[in-house]
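Worksheet: the structure to be examined is printed underneath.
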Amino acid sequence: MNTNLLILPIIMPLITAIVLLFFWFRPNRQKYISLVGHILSVLVAIPIFLEAMKGTILTMAVGNWAAPFGIVYVCDAFSGALVLLTSLVGLAVGIYSNAAIQSKRASYGYFPLVHFLLMGLYGSFLAGDIFNLYVWFEVIIIASFVLITLGGEKAQLEGAVKYVTMNLLASVIFLTGIAVLYGILGTLNLADLSLKVSESPHRALINATAILFLVGFGIKSAIFPLYFWLPDSYHTPPTPISAIFGGLLTKVGVYALIRIFSLLFIGDPFIRDLLSWIAVLTMISGAFGAIVSYNLRKIFSYLIVSHIGFMIAGLALFSPIAIAGAAYYMMHDIIAKTNLFLVGGTIYKIKGQLHIDRVKGLFSQYPYLSIVFALAMFSVVGTPPLSGFWPKIMLLKGSFAMDNMWIIVGILLATFLTLWAMVRIWSKSFWSTEANEEKTTGRYQEMTTSQRRLLIGPILFLLAISLFLGFGAGYVSQMCSLIADQLMDSDTYVNAVLGITNLPEIQN
Amino acid sequence: MNSIILKTASRYLLPLLLLFSIFTLLRGHYLPGGGFVGGLIASIAFVLYAFANTLQDTKKLLKIHPGFLMPAGLLLSFVAGLLPLVVGKPFMTGLWFAEKVPVVGSIGSALFFDIGVYLVVIGASLTIIFTITESNQ
């Protein structure tokens with residue numbers, strides 16, 4: 001189905017950012033405009049999501065240049081779900097920033113940049129052209145470079161150097177992959193590529209490009225052994241920024257990996273073996289990293305790495321239930337990880353500390369808040385019936401069906417270690433009592449009630465979505481099996497994109 | 001820099017370079033040129049003026065903060081992209097008037113998109129250069 005609706009999620013953040021730039025010298029007004037922009041983004045994402053969930057693949061040819069010659073935007077169920085989740089996370093983080101971003105950072109353009117970043121995210125989820133995908137990646141990383149350095153603290157700059165270097169390297173590798181692929185097949189449209197890859201006689205070259213894409217996306221999504229930059233940089237910027245980074249940026253890498261590999265390279269047994277080893281090692285090494293760290297946000301960063309492995313495992317298994325599990329896990333992870341970082345930021349606001357040995361007695365001081373935090377933390381672990389539970393069951397089921405013992409071991413071990421990390425935080429920071437002489441406080445105590453609500457509100461909002469993902473498992477798993485069916489069967493995608501033109505066969 | 005030759009020359013070069021930048025901008029649809037190059041030439045004109053005279057003089061000449069050219073240009077390009085939606089065509093479709101205008105040539109939404117790029121480039125490059133110059137003083 002051809003519709004102009006698809007451009008709206010990209011237009012909304014762009015127009016918001018333009019209006020925000022006009023208000024460059026008035027950071028206080030920017031807060032309200034930014035919030036309106038976030039709400040509008042959610043409103044345009046909903047009809048797209050609903051349309052995509054009917055099983056139709058929406059397409060749009062920009063500039064009226066038909067595929068495969070022009071740039072197309074494509075939205076299947078997977079993209080639709082991610083667009084909606086991105087807009088919801090954007091809204092939550094937007095509300096949180098109103099209380100958490102100091103006006104100094106706001107005056108350096110925090111709000112417009114967040115909208116540019118979101119525009120890049122929507123663009124990548126909707127792109128149906130591999131070079132266009134690259135361009136949206138660039139939009140994301142340029143916005144994120146500025147966001148990660150904004151404020152210019154020493155630790156931030158140190159983290160930013162690692163982040164910038166690795167991401168530039170990833171972009172170069174990704175671009176090289178595109179160039180080689182274009183050299184072999186002569187097209188950039190994903191649907192067209194999918195047709196031509198299967199017919200191409202150059203298997204070795206195509207596998208080589210697959211590895212280039214794997215490394216390029218792998219750096220971005222932080223898979224083993226390319227993840228080391230992530231725990232070193234994600235904990236340095238202010239909370240709302242690291243929440244967006246932690247919740248969404250690595251997932252763009254995983255999305256690209258799933259999209260490109262399911263369309264182009266998954267048929268090859270070598271690639272699937274490689275992916276399953278990477279998945280297992282990512283899960284386990286990330287989880288070990290989490291249990292040896294003591295900084296709250298660093299623990300959370302390692303957990304991001306560990307849980308990326310689950311999604312890669314789903315891709316490696318490539319059976320309907322495993323892909324559905326991976327998609328489900330991705331939705332859960334976007335919400336849960338963003339929330340985790342917001343929780344970490346709020347703990348910092350309360351205590352002025354992030355070292356788990358020094359943060360103490362949260363439960364005795366704020367019992368209700370602690371329960372909210374606990375729900376957010378334990379949904380990451382996958383304690384039933386919270387949202388992480390169902391996708392893990394689906395992934396386990398998928399790996400039993402494929403007899404892939406290592407992935408089963410990886411999932412169980414990583415889940416256990418995640419539980420360990422969370423229980424350690426809970427027992428050290430929440431349940432322990434605080435000796436009087438080492439009492440520490442942060443800015444939370446000086447905040448007004450409305451400011452506190454701005455901090456807690458988004459956490460509750462994301463928790464509600466997370467609980468819905470857990471308790472509404474029937475609806476969500478139906479959604480995920482639709483996603484899996486569409487991803488497994490690349491013909492529907494190809495037909496939806498190329499069916500617009502129906503080019504006549506060239507007769508010799 | 002305090003050179004009377006450069007000062008006098010820059011006064012004549014500024015309008016010439018601006019004119020040349022507009023020429024490059026309009027030439028750009030099928031031939032080398034366009035909004036990006038045109039914008040760079042225009043900002044060179046102002047930078048040269050700032051070298052010869054002072055930054056304050058150049059700012060007075062510009063009247064507005066160059067930073068505001070960025071959202072203005074973005075808005076223009078954005079509206080140019082959005083216009084086809086009004087007539088029911090996909091985003092960014094080129095719309096053209098049938099008749100040519102002397103000097104400018106065909107007028108269409110792509111021209112306004114390019115003018116937007118021109119403004120963004122002037123805004124961005126001048127903001128960067130002015131900020132660096134100010135932090136040196």
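Keep in mind the model is a prediction, meaning the values are calculated, not measured. Just so we're on the same page: letters track the sequence lines, and every chain starts at 1.
Other residues, nucleotides and ligands place no more than 12 heavy atoms under 6.0 Å from the OH atom of A:Tyr108. Annotation: B:Ile4, atom CD1; neighbour count of heavy atoms from other residues, nucleotides and ligands within 6.0 Å does not exceed 12. Other residues, nucleotides and ligands place no more than 12 heavy atoms under 6.0 Å from the CZ atom of B:Phe36.
In this structure, B:Leu82 CG and A:Asn4 CG are separated by 9.5 Å, a value rounded to the nearest 0.5 Å.
Here the shortest heavy-atom pairing between B:Pro90 and A:Gly63 reads CB-N, 4.4 Å.
At a 4.5 Å heavy-atom cutoff, the contact between B:Phe91 and chain A is made by backbone and side-chain atoms alike.
Contacts between residues 8-22 of chain B and chain A, defined by a heavy-atom separation under 4.5 Å, are made by no residue at all. Within residues 11-29 of chain A, the residues having any heavy atom closer than 4.5 Å to a heavy atom of chain B are A:Ile11, A:Leu14, A:Ile15, A:Ile18, A:Leu21, A:Phe22, A:Phe25, listed by residue number.
Residue pairs that meet the side chain to side chain donor-acceptor pair (under 3.5 Å) test with at least one member in residues 115-143 of chain A, sequence neighbours left out, are A:Ser34-A:His115, A:Tyr73-A:Asn132, A:Tyr73-A:Trp136, A:Asn132-A:Trp136, A:Glu138-A:Ser171. Applying the side chain to side chain donor-acceptor pair (under 3.5 Å) test to every pair with at least one member in residues 36-47 of chain B, sequence neighbours left out, gives these pairs: B:Ser43-B:Ser125.
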